[in-house]
Amino acid sequence: MKQLRAAALEPLDQLQTITRLIIESGRVTELYAESGVGRHARHVIDYYQALQSGLPGRHIDYNMRRRGSAIETDPVVMLEKMEELRKWGADILLEEEVNIRVESEISCAASYTYSFNSTIGREFLYIIDHSVHHIAHISLILKQHGFTLDPVFGLAPSTSSFLRQDQAGIRLA
């Protein structure tokens, strides 16, 4: 369970690093607010917050988002929220196999919310995968603006493992 908790904090660490780089660049408006980085980062945070608020009642609603919040335009607010979530993630006692109810909209053609059973462990895995996807988008945006990021930012964990094995000369079937 320690590995799952630590892995769930990695995307927050990556977002903090990226956000600090943007602040240090002095290009906050251009890179954070206008390029879409802030929207991607806010979206990731929304999912962590849905998980955080839903765990006590064992009901996670991924439709509860904070579109247009200050997190999208102010990286300092983003850093504060990420620090709160990191503390929560480090302190939470995870019971991986505890059942929970999850709901989320599933269609762009019509408003339709689907509700299903899951486990806490499965939802933490989802948060990790979902965050990696958005960090990959953020990394592409920043690379287009001349930034050099850690090459693991936005990589799926299995891709990172593959690359480590490939560099070590281990060939997988």
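The basis for the numbers below is simple: all heavy atoms, side chains too, and nothing from hydrogens, waters or symmetry mates.
The backbone N or O of Glu105 lies less than 3.5 Å from a partner atom in the side chain of Asn63, making a donor-acceptor pair. Between the Ser131 side chain and the Ile127 main chain, a donor and an acceptor come within less than 3.5 Å of each other. In terms of modelled atom types and a separation under 3.5 Å, the side chain of Tyr48 and the main chain of Ala8 share a donor-acceptor contact.
Note that OH of Tyr112 and OG of Ser104 are 12.0 Å apart. Values are rounded to the nearest 0.5 Å. To the nearest 0.5 Å, the span separating CZ on Arg27 from CD on Glu30 amounts to 4.0 Å.
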task = Dump the intermediate steps for side chain to side chain contact (heavy atoms under 4.5 Å, CB included) on Trp88 and Leu51, then the final yes or no.
result = CA-CA 11 Å; Trp88 165 77; Leu51 188 62; 4.2 Å; yes
query = For Lys87 and Glu84, what are the C-alpha separation, side-chain angles and deciding distance, and is it a salt bridge (charged side-chain N to carboxylate O under 4.0 Å, His left out)?
reply = CA-CA 5 Å; Lys87 182 175 180 353; Glu84 288 173 26; over 6 Å; no
task = Check the pair Leu79 / Ile23 against side chain to side chain contact (heavy atoms under 4.5 Å, CB included), numbers first and verdict last.
result = CA-CA 11 Å; Leu79 288 172; Ile23 291 170; 3.6 Å; yes
Worked verdict on Leu21 versus Leu149 for side chain to side chain contact (heavy atoms under 4.5 Å, CB included) = CA-CA 9 Å; Leu21 282 172; Leu149 300 174; 3.5 Å; yes
message = Gln49 vs Met64, test: side chain to side chain contact (heavy atoms under 4.5 Å, CB included). Steps then yes/no.
response = CA-CA 9 Å; Gln49 288 177 311; Met64 300 304 293; over 6 Å; no
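Nearest heavy atom pair, residue Leu85 against residue Leu9, reads O-CD2, 4.5 Å. When all heavy atoms are compared, the tightest approach of Gly36 to Ile141 is C-CD1, 4.4 Å. Considering all non-hydrogen atoms of both residues, Gly121 and Leu4 come closest at CA-CD2, 3.8 Å. Of all heavy-atom pairs between Val132 and Pro157, the closest is CG2-CD, 4.4 Å. When all heavy atoms are compared, the tightest approach of Arg101 to Ser115 is NE-OG, 3.0 Å. Nearest heavy atoms, His134 versus Val44: CB-CG2, 3.5 Å.
Tyr62 and Glu123 share a donor-acceptor pair across their side chains, judged by distance under 3.5 Å alone. Side-chain contact, His137 with His40: no donor N or O sits under 3.5 Å from an acceptor N or O. Looking only at atom types and distance, the side chain of Tyr47 has a donor-acceptor partner in the side chain of Arg65 under 3.5 Å away.
Val98 and Leu125 fall into different hydrophobic clusters, where Ile, Leu, Val, Met, Phe, Trp and Tyr are joined by side-chain heavy atoms under 4.5 Å apart, directly or via other members. No path of Ile, Leu, Val, Met, Phe, Trp and Tyr side chains, each step under 4.5 Å between heavy atoms, connects Leu140 with Val152, placing them in separate hydrophobic clusters.
No more than 12 heavy atoms of other residues, nucleotides or ligands lie within 6.0 Å of OH in Tyr114, so this atom counts as exposed by the packing criterion.
Applying the salt bridge (Lys or Arg N to Asp or Glu O under 4.0 Å) test to residues at least two apart or on different chains, the pairs with a partner in residues 11-24 are Asp13-Arg86. Applying the salt bridge (Lys or Arg N to Asp or Glu O under 4.0 Å) test to residues at least two apart or on different chains, the pairs with a partner in residues 39-59 are Arg42-Asp46, Arg42-Glu72.
In this structure, the side chains of Ile106 and Thr113 stay at 4.5 Å or more apart for every pair of heavy atoms. Two residues are said to be in side-chain contact when any heavy atoms from C-beta on lie closer than 4.5 Å; Glu103 and His59 meet this criterion. Looking only at side-chain heavy atoms (C-beta outward), Val37 and Ile138 come within less than 4.5 Å of each other. Looking only at side-chain heavy atoms (C-beta outward), Ile135 and Ile18 come within less than 4.5 Å of each other. No side-chain heavy atom of Phe124 sits less than 4.5 Å from a side-chain heavy atom of Arg5. Inter-residue side-chain proximity for Thr19 and Met82 is flagged as met; some heavy-atom pair is nearer than 4.5 Å. A heavy-atom distance below 4.5 Å is not found between the side chains of Thr119 and Ile100. Counting heavy atoms from C-beta outward, Phe147 and Leu31 have side chains that approach closer than 4.5 Å.
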